[in-house]
Structures are given as structure tokens and as C-alpha cells.
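In what follows, a structure is listed as C-alpha cells, so that the remarks can point back to it.
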Amino acid sequence: MNKFYITTPIFYVNDKPHIGHAFTLVLADVTARYHRSLGEETFLLTGTDEHGAKIARAAERQGEEPQQFTDRVSATFSELAKILNVSNNEFIRTTDQEIHWPGVFKIWEAIKASGDIYESEYEGLYCVGHEAFMKKSDLQDGVCPDHQTKPEKIKEKNYFFKLSKYKKRIKEAYVSGAIMVKPASRANEVLAMLEDSEDVSFSRPRKDLEWGIAVPGDDAQTIYVWADALTNYLSAMGYGRNEDWQKWWPADTHVIGKDILRFHGIIWPAMLLSAGLELPKSLLVHGFITVENQKMSKTIGNVIDPVELVKKYGVDPVRYYLLREIPSTEDGDFSYKKLEDRYNGDLANNLGNLVSRVAKLIETKLEGELNFDGKFFDKEVRQKIEEAEQKYRRAVEEFRLHEALTHIWDLFGFANAHIDSHKPWEADQEGSHLLRTITSIVAIIVSGSRWLEPFLPETVEKISNTFGNNLRAYDVLRLAGQKFIVTKIEPLFPRLK
RNA sequence: CGCGGGGUGGAGAAGUGGUCUAUCUCGGCGGGCUCAUAACCCGCAGAUCGCACGUUCGAAUCGUGCCCCCGCAACCA
């Protein structure tokens, strides 16, 4: 059996999750569920990134210890995954000393053994008010705009990672397709970034970065984010603790946002090469969500809480919106109006109503029982289904999930039109005509359900219940002899006023 | 010359060399149906595909220039 290992980024716990985190989770979840539906042994990993000076400061503001703070915020992320019906197999936390830290130590040692860690001086402009280094571009007339003070030039010892040594091999990995990037335009971006990437700082003095993992053999230094956070993809699978990771590594897919492409596209592969590990097979890069076409920001006060959304509309409507309205690899926009339009238009009117009308027809015209007989299965309909399935699969495999949904909905639209033109409710027509129409429509619903399961698992469950069968399991070509005991239920998606 | 994305009927999007006399959804108008969640189906109106020049037998689609919007550049997916 093929294995399929897919990850989300680990989320930074400086604040509770917003709709962007929900988007990432759902994209990865659909991909994972799709691969499970193909019969692959699939592992979906998500988790939280919990170290750093920023976390320590956030905890302090709340009057909490860092660990207490990260425990609390991390829980809101694992809760979010649960609420969104995300099928993650594990939830990794970088503060987990038993699960995660051994992997961090191991990769550090491996990189060091390759001779790729060296000491150097880091020189920067340090703002006392920020307790952090500032970039020149952040300053106005050489002065920190927030504190109106001139930052000091400070030199400090850091360990550096010899990233530059691997640039050539990384480039080859992209050119040869050993690492596939979707969409392709992002691969070009990585190559461009690669050109001017340099060695990166791999540690910080303890005094600047207390909340983190100490460098092995040098307590005065803390491991910087790269070796700490990126390593989660290995540590979660056992790296540093046991040999289980060899079964799963290399990762088949890292789902990431466009902001962290540089880390996953360059730094991470360099680390892996240095440690003598295989490179991930693909990166799926998604865009960002704006709210009413504005950047989401606390200052504007337009941050959308996905938990509230699910409470108000239900899981699947929220999943549907994120997957259908936001192009998987582009930026997209959120608004309540659009969400409600999608809900009423696509979910209630198109799909929900289709299921209702068919269920009722079977109840009243066929006494609630449909014996699926292949000879009543309309050829034209069969062809439509096959075409739709091809388009659907291609779209999912190209990580164009929004497009995959349009193909499913095209088929539902076709089904609604087919019912209208064949008028199965007319009492005076022959039984075979009625059977032919209904059989064909049920075939569409069965196929659509099967394809929809990775996207809207709860809805498919409900449709299955209506049809008295586990529709997910059926290939439409193997329906002959199946019996459907149909009971009309409450509307799948009650219309919103 | 920092990097990237984008500008397509009233709104939102798809389409990235010929199949585009440009597609879909919402909205508007008209009609049909009654199995269904006032749902469903059909039809109509509405777009010089940001602007200019160019390449080509042929451009929304490629090139150049310009205008405008948005993001990244700061450990926010």
C-alpha cells in the first residue's frame, strides 16, 4: 500500500486562530482525505510553534508563564482542528520535550556533523525599546519610529548554518521536479529567492531568546526558529526517538502559505540535505484571505474567528466556502454576504434541494425503495458522470480544489435540469421511464457524494443516511443490484433568510 | 529599477494563442414546472476582456511601455 504523508505548517501561538488558519487546515484535510479515499495509508500532521521572544512577551502581558500561555493558546488550535472536522493523525507541539525536542537535537547534531554549523558575529541595530534588532528599512531617519531613539550597533555571537553550500543542489531539485511546487509560478519564485540567499543565523544568545531550546553543548545559546520549528515534520514521526519516521519520510506534501515559502522552499531543504535526509516531494502553496477586500488586522478589527463561523453556519458550510470561494493557490476574499450567497445558492438550493426532491420522488412513486438496475441507467448520464469525474480528479491532483467543486456542482446542476426535462412526477408515464430517470439521478448523487466526501464529510454522511447506504463506498459502475431504502429527512441546509 | 499577485457585463469570479460570435454564480427582466428547502428549469438584456503600441494568418490569452489596486519585504495561514 502506498503511504501519503502530508503536513500543515505549525501555527504560531501568539494569538488565537483566525480564518486563515482554518483555510490552511481545510486545504490539507481535503488533500489527506482524498488520498485516503484512494486507499493510500495517509498521515496528516498539524500542530503549533510555541517558542520565541514574541511568545514570551505575549505571555508576560497576560501575566502568565510562557508554558501556561502556550498550553492555553495551543489548545485553541487543536480545538479548531476538531471543530473543522480535520482528520489529523497527530498534533505536534514544539514545547513537547518528549516528542519534539529529541528530533531537534538529532538534526542539530547531524547538521553539525556535516560541518555546516559555524560560529560568527551577528551585527545589527538593536532597539532597546523593542528589545530586538531592527532592519534599516524599519527606521525613519535612522531613528526607531516607535521609540524615537537611535538603535545601538551591537555585535553578538551566533551559530550560523552553511545554507550557501546547498544552493546548487536545491536548485537542481526544483529544476528536475524532485520537489514539485504547486502552483508552478511559486517554483519560479523559489528559484529567484534562492539566487540571493545567504547563510542563516541558527541560534541566538540566551539573553535575547530565553524561551526556546538550548543549543546542545552551549547553554548560552538558544536554537533559532529554523531547527526548532521546521523539524516538527520529522520529530512528530519519531525522528530522534525511534525509527518509525523512516516509514513516512520523505513528506509527500507540505501545505504552506505564501509567506513561508522561503523557509520551506530553501532553508528546510538545505537542512535536510545537510542532515543526509530526503527532500519533501511537493509544496502546495496557498494564498491569503482578505476580509471585504481588506487585509485582516487587529487594528482594523476585522479578524474573523472561524469557531464563531462554525457555530453560526455549521462546519460544512464553512469548509465549503473556504474551498469553493477561495482559489486554492491564490488570494481570496471573505465576507458574510458571500458566505450566505454560497450557502443558499450552492448548498441549499442546488444540492440540498436536489436530494430532497429525489428522496421525495422515491418515497411517493417507488414506496421508498429503489433497486438499482443497470439497464435503467441512462447512457448520456453515465457519460456525463465519467467526464465530470475526470475533471474532478485532475483538479484535485493539481491542487485546484475550488475547481474540483465546480465540476461536482456542474453535475448537480445537470441533475436538476434532467429531472425537469424528464418529469418523473407525471403519473401517466410508464414505470420504466420513471425508473430510468430516478436511477440516473441516484447515480449522480452517489458519484457526487463519493467525490464530495473529502470536502464535506458531514454532509455526505447525511446524504448516506437518507439513501440508507454508505454512498462513499460505491463506485457508480458497481451499483447494479444495490438497494436504496430512502427516507426523506430534514433539509440538508435550511435556507438562510 | 526590491519581489509577487491582480485589473473580464451591475457585483464576484473562470478562461492564459484558434473550439471565445467570451463562460459561470449572484442580481435584473420574461416564461415554464409543481417532485422539491418560495426551491428547480428555460429564455432575454447587459462586456469595445485597465490603456497604448507591437508580434502573429489569428490575442482576453504572447511582448514592450504606461496607469491603477492589493499583498510580501517585519516568526500574522
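Proteins get letters first, then strands, A, B, ... in listed order; numbering begins at 1 in each.
In this structure, A:Lys360 reaches the B:A36 phosphate: one of its side-chain N or O atoms is under 4.0 Å from OP1 or OP2. Look at A:Arg495 and you'll find a side-chain N or O under 4.0 angstrom from OP1 or OP2 of B:A39. Contact check, A:Asn349 against B:C40: a side-chain N or O comes under 4.0 Å of OP1 or OP2. When the side-chain nitrogen and oxygen atoms of A:Arg400 are compared with OP1 and OP2 of B:G15, one or more of them lie within a distance under 4.0 Å.
Note on ring orientation: taking the six-membered ring where Trp is involved, the planes of A:Trp409 and A:Phe412 are perpendicular (angle over 60°, cut-offs 30° and 60°). Between A:Phe484 and A:Phe467, the angle of the ring planes goes over 60°, which puts this pair in the perpendicular group of the 30/60° scheme.
Distance from the side chain of A:Ala417 is smallest for B:C42 among the nucleotides B:C75, B:C35, B:C42. When the nucleotides B:G15, B:C75, B:C33 are ranked by their closest atom to the side chain of A:Trp425, B:C33 comes out on top. The side chain of A:His21 lies closest to B:A77, out of B:A77, B:C33, B:C26. Among the nucleotides B:A77, B:C33, B:U37, the one closest to the side chain of A:Ile289 is B:A77. Distance from the side chain of A:Asp49 is smallest for B:C75 among the nucleotides B:G15, B:C76, B:C75. Candidate nucleotides B:A77, B:U37, B:C42 were compared by shortest atom distance to the side chain of A:Leu492, and B:U37 ranks first. Among the nucleotides B:C76, B:C35, B:U37, the one closest to the side chain of A:Asp420 is B:C35. When each of B:G4, B:U37, B:A77 is scored by its nearest atom to the side-chain atoms of A:Pro491, the top-ranked nucleotide is B:U37. Comparing B:U37, B:G12, B:C75 by their closest approach to the side chain of A:Lys338 singles out B:G12. Comparing B:G4, B:A36, B:A77 by their closest approach to the side chain of A:Pro9 singles out B:A77.
Taking atom P in both B:U19 and B:G10, the straight-line distance is 24 Å, to the nearest Å. Comparing the P positions of B:C53 and B:A45 gives a spacing of 31 Å, expressed to the nearest Å. For the C1' atoms, the distance linking B:A74 with B:C3 amounts to 15 Å, nearest Å.
Atom pair A:Asp333:CG and B:U25:P shows a separation of 21 Å (rounding to whole Å applied). The CG-P distance, from A:Asp341 to B:A13, rounds to 13 Å in whole Å. Rounding to whole angstrom units, NE2 of residue A:His407 and C1' of B:A14 are separated by 10 Å. Between A:Phe77 atom CZ and B:C76 atom P the separation is 12 Å, expressed in whole Å. Between A:Asp305 atom CG and B:A77 atom P there is a gap of 16 Å when expressed in whole angstrom units. Look at CG on A:Asn353: it is 6 Å from C1' on B:U37, rounded to the nearest Å. Rounded to whole angstrom, the span from the OH atom of A:Tyr336 across to the P atom of B:C26 amounts to 23 Å. Following rounding to the nearest Å, A:Asp346 (CG) and B:C40 (P) show an atom-to-atom distance of 10 Å.
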In dot-bracket notation, what is the pairing pattern of RNA chain B, taking Watson-Crick (N1-N3 plus N6-O4 or O6-N4) and G-U wobble (N1-O2 and O6-N3) contacts under 3.5 Å, with [ ] crossing and | for other strands? .(((((((.[[[[.)..(....]]]].(((((.......))))).....[[[[[..)....]]]]])))))).....
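Here A:Arg186 lies in heavy-atom contact (under 4.0 Å) with sugar-phosphate atoms only. As judged by a 4.0 angstrom heavy-atom cut-off over every strand, A:Phe493 is placed among the base-contacting residues. Here A:Gly20 lies in heavy-atom contact (under 4.0 Å) with a base. Among the atoms of the strands shown, none is found under 4.0 Å from any heavy atom of A:Pro17. In this structure, A:Gly352 reaches the bases: a heavy-atom distance under 4.0 Å links it to at least one base atom across the strands shown. Base contact: A:Tyr224 has a heavy atom under 4.0 Å from a base atom.
Taking CG of A:Leu456 as the reference point, atom CG of A:Leu405 lies at 7.0 Å (rounded to 0.5 Å).
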Dump the intermediate steps for side chain to side chain contact (heavy atoms under 4.5 Å, CB included) on A:Arg400 and A:Thr329, then the final yes or no. CA-CA 7 Å; A:Arg400 299 159 65 87; A:Thr329 58; 5.8 Å; no
Evaluate side chain to side chain contact (heavy atoms under 4.5 Å, CB included) for A:Trp268 paired with A:Tyr233, printing each intermediate quantity in order. CA-CA 10 Å; A:Trp268 180 228; A:Tyr233 304 128; 3.9 Å; yes
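A:Asp420 and A:Arg357 are joined by a salt bridge, as a carboxylate oxygen and a charged side-chain nitrogen come within less than 4.0 angstrom of each other. Under a 4.0 Å N-O distance rule, the pair A:Lys384/A:Asp410 does not qualify as a salt bridge.
Of the listed residues (A:Ile10, A:Thr94, A:Asp228, A:Ile55), just one forms a side chain to side chain contact (heavy atoms under 4.5 Å, CB included) with A:Glu50, and that residue is A:Thr94.
The distance between the ring centers of A:Phe91 and A:Phe77 does not fall below 6.0 angstrom. Aromatic rings from A:Trp226 and A:Phe202 are positioned such that their centres are separated by 6.0 Å or more.
Per the stacking criterion (ring centres < 5.5 Å, plane angle < 30°), A:Phe288 stacks onto the base of B:A77.
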